[in-house]
Amino acid sequence: MGNYNFNEVIDRLQTASVKWEMTREVYGTGDVLPMWVADMDFKPPSEVSEAITDRVNHGIYGYTFITPSASKAVQGWVKKRHGWEIRKSWLFYSPGVVPTISMAIQAFTDPGDKVMLQSPVYTPFFGMTEENGRTVVNSTLIYKEGKYEIDFDDFENKLKQGVKLFLLCNPHNPGGRVWTKEELIKIGDLCVQYGCLILSDEIHSDLVYSPHRHIPIASLKEEYAKITLTCIAPSKTFNLAGLQASAVIIPDAELQKRFKEHQHRNAFFGLNVFGITGMQAAYLHGEGWLEELLDYLKENRDEIVDYIKANIPGITPVVPDSTYLIWLDCRELGLSDDEIKDRLLNKGKLALEPGAKYGPGGEGFVRLNFACPRDTLRDGLERLKKAFS
């Protein structure tokens with residue numbers, strides 16, 4: 001028995017929870033179990049709540065700055081968890097990884113420039129590129145024997161078209177892959193060769209299951225660091241998305257200058273007081289909580305795989321190396337995406353993310369969030385079975 005009770009079911013209604021209170025707006029019904037948005041139904045480490053409570057009790061919430069101690073906490077976490085020693089001068093901050101993606105697209109490309117991604121992939125990769133007037137270049141991943149691989153011939157051919165920025169998702173959402181050192185070196189070498197910058201979204205980097213290990217691409221070679229912006233945050237790791245605090249690591253001085261200038265043009269000068277407080281406390285005191293969380297999530301993941309194999313023919317789980325999201329291959333059911341959605345919502349009373357929204361290659365898949373208490377998970381699995389029985 002661990003020190004943390006991840007089995008506790010907590011009522012999140014009346015807390016302005018997107019996951020639990022916006023299903024009617026998104027799915028047209030509130031009568032569903034939500035297992036869609038990527039946040040957890042667990043309380044964060046108690047040290048985070050205590051630090052925020054102490055700051056609340058101070059009673060004054062004036063203008064704040066990101067303290068050296070907060071940056072030191074980020075540096076210490078990245079070094080301890082991922083073996084990468086970063087300098088304080090490399091650290092910049094943002095309300096979230098998605099705003100960082102948008103700011104980077106604006107700072108390092110011009111309207112009409114080509115931005116490459118690898119679908120199926122996190123939807124804002126498409127959205128932020130298109131909404132900023134840039135051209136999406138997609139190198140679709142290869143789904144082979146239950147996992148995703150990179151088509152490096154296609155990847156290089158796309159880079160030859162003059163791509164200015166590559167959006168890397170590592171660990172991958174929704175497929176759950178942790179890209180290997182060998183794969184990252186191939187990516188890095190090609191981007192260096194063709195003069196393409198890399199924005200590496202590593203928000204799920206702390207949520208990796210043994211024996212897999214996350215490697216920041218910028219940590220592998222100095223020449224990669226010179227062309228890479230690395231996005232991290234405590235939001236997925238510690239369930240702190242509502243605090244709106246993330247960091248971006250930029251080793252190269254010229255890229256730092258351009259990013260900082262763009263932030264200033266957009267009037268961004270810092271994080272809110274509770275985001276700073278929560279981020280620092282999580283990175284300083286949250287490691288024990290995280291280790292127990294990973295054990296719990298791995299058990300949830302394995303239970304899903306076993307249950308579906310035994311009870312739901314026609315669905316194949318893509319077993320994730322990382323994240324608390326599992327990508328379910330429903331193509332053998334012989335149903336369209338609309339039919340899958342209809343079965344889930346109206347028969348199973350279950351809200352999952354439709355795969356088609358993740359771009360080409362996502363058709364016929366759905367994404368399920370398993371960061372929830374075991375009783376909630378089992379309810380969701382029974383609903384999934386009912387939807388397709």
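Numbers here are sequence positions counted from 1.
- Taking CG of Leu384 as the reference point, atom CG of Leu368 lies at 7.0 Å (rounded to 0.5 Å).
- Evaluation of the ring-ring contact (aromatic ring centres under 6.0 Å, His included) test over residues 338-377, restricted to residues two or more places apart or in two chains, returns Tyr143-Phe365, Trp327-Tyr358, Trp327-Phe365.
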Might you work through the salt bridge (charged side-chain N to carboxylate O under 4.0 Å, His left out) test for Lys349 and Asp31, ending with a clear yes or no? CA-CA 7 Å; Lys349 302 294 183 181; Asp31 183 26; 3.6 Å; yes
Side chain to side chain donor-acceptor pair (under 3.5 Å) between Asp338 and Ser336: does it pass, once the steps are laid out? CA-CA 5 Å; Asp338 286 341; Ser336 69; 5.3 Å; no
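- Every residue two or more places apart in sequence or in another chain that forms a side-chain hydrogen bond (donor to acceptor under 3.5 Å, both in side chains) with Lys257 is listed here: Glu261.
- Looking at Tyr324, Trp289, Phe42 one by one, the single match for ring-ring contact (aromatic ring centres under 6.0 Å, His included) with Tyr296 turns out to be Phe42.
- Checking His214 against Asp206 by side-chain atom types alone, no donor-acceptor pair falls below 3.5 Å.
- Centroid-to-centroid, the aromatic rings of Phe238 and Trp77 come within less than 6.0 Å.
- Atom CZ of residue Arg343 and atom SG of residue Cys330 lie 11.0 Å apart, to the nearest 0.5 angstrom.
- In this structure, Phe274 has its ring center closer than 6.0 angstrom to the ring center of Tyr61.
- Note: Met40 CE to Ser235 OG = 9.0 Å, rounded to the nearest 0.5 Å.
- A salt bridge links Lys221 with Asp189: the distance from a Lys NZ or Arg NE/NH1/NH2 to an Asp or Glu carboxylate oxygen falls below 4.0 Å.
- Salt bridge present: Arg383 and Asp379 bring a charged side-chain N and a carboxylate O closer than 4.0 Å.
- Side-chain atoms of Thr180 and Glu183 form a donor-acceptor pair, as typed in the model, at a separation below 3.5 Å.
- Separating the CG atom in Asn346 from the OG1 atom in Thr29 is a distance of 7.5 Å, to the nearest 0.5 Å.
- The two residues Ala218 and Tyr224 have their closest heavy-atom pair at CA-CB, 4.4 Å.
- For Ser102, the side-chain hydrogen bond (donor to acceptor under 3.5 Å, both in side chains) criterion is met by Gln106, Asn132, not counting sequence neighbours.
- With hydrogens and angles disregarded, no donor-acceptor distance shorter than 3.5 Å links the side chain of Lys88 to the backbone of Lys72.
- Below 30°, between 30° and 60°, or above 60°: for Phe6 and Tyr4 the angle between ring planes is between 30° and 60°, a tilted geometry.
- Residues that satisfy the side-chain hydrogen bond (donor to acceptor under 3.5 Å, both in side chains) test with Lys147, not counting sequence neighbours, are absent from this structure.
- Using modelled atom types, no side-chain atom of Asp110 and backbone atom of Asp113 make a donor-acceptor pair closer than 3.5 Å.
- Between Glu363 and Arg331, no side-chain nitrogen of the basic residue sits less than 4.0 Å from a carboxylate oxygen of the acidic one, so the salt-bridge criterion is not met.
- Residues Phe269 and Phe65 place their aromatic rings such that the two centres sit no closer than 6.0 Å.
- Under 4.0 Å is where a charged nitrogen must lie from a carboxylate oxygen, and between Glu149 and Arg177 no such pair does.
- The CD1 atom of Ile185 sits 6.5 Å away from atom CD of Glu182, with the distance rounded to the nearest 0.5 Å.
- The side-chain contact (heavy atoms from CB on, under 4.5 Å) search around Thr15 returns Arg12, Ser17, Glu21, not counting sequence neighbours.
- In this view, Ala104 and Phe108, Leu199, Leu229 satisfy the side-chain contact (heavy atoms from CB on, under 4.5 Å) rule, not counting sequence neighbours.
- The pair Glu353-Lys357 meets the salt-bridge criterion, since a charged nitrogen lies less than 4.0 angstrom from a carboxylate oxygen.
- A salt bridge between Asp41 and Lys19 is present, with a side-chain N of the basic residue lying under 4.0 Å from a carboxylate O of the acidic one.
- Ring geometry for His172 versus Tyr148: interplanar angle of 30 to 60°, hence tilted.
- Under a 4.0 Å N-O distance rule, the pair Glu254/Lys260 does not qualify as a salt bridge.
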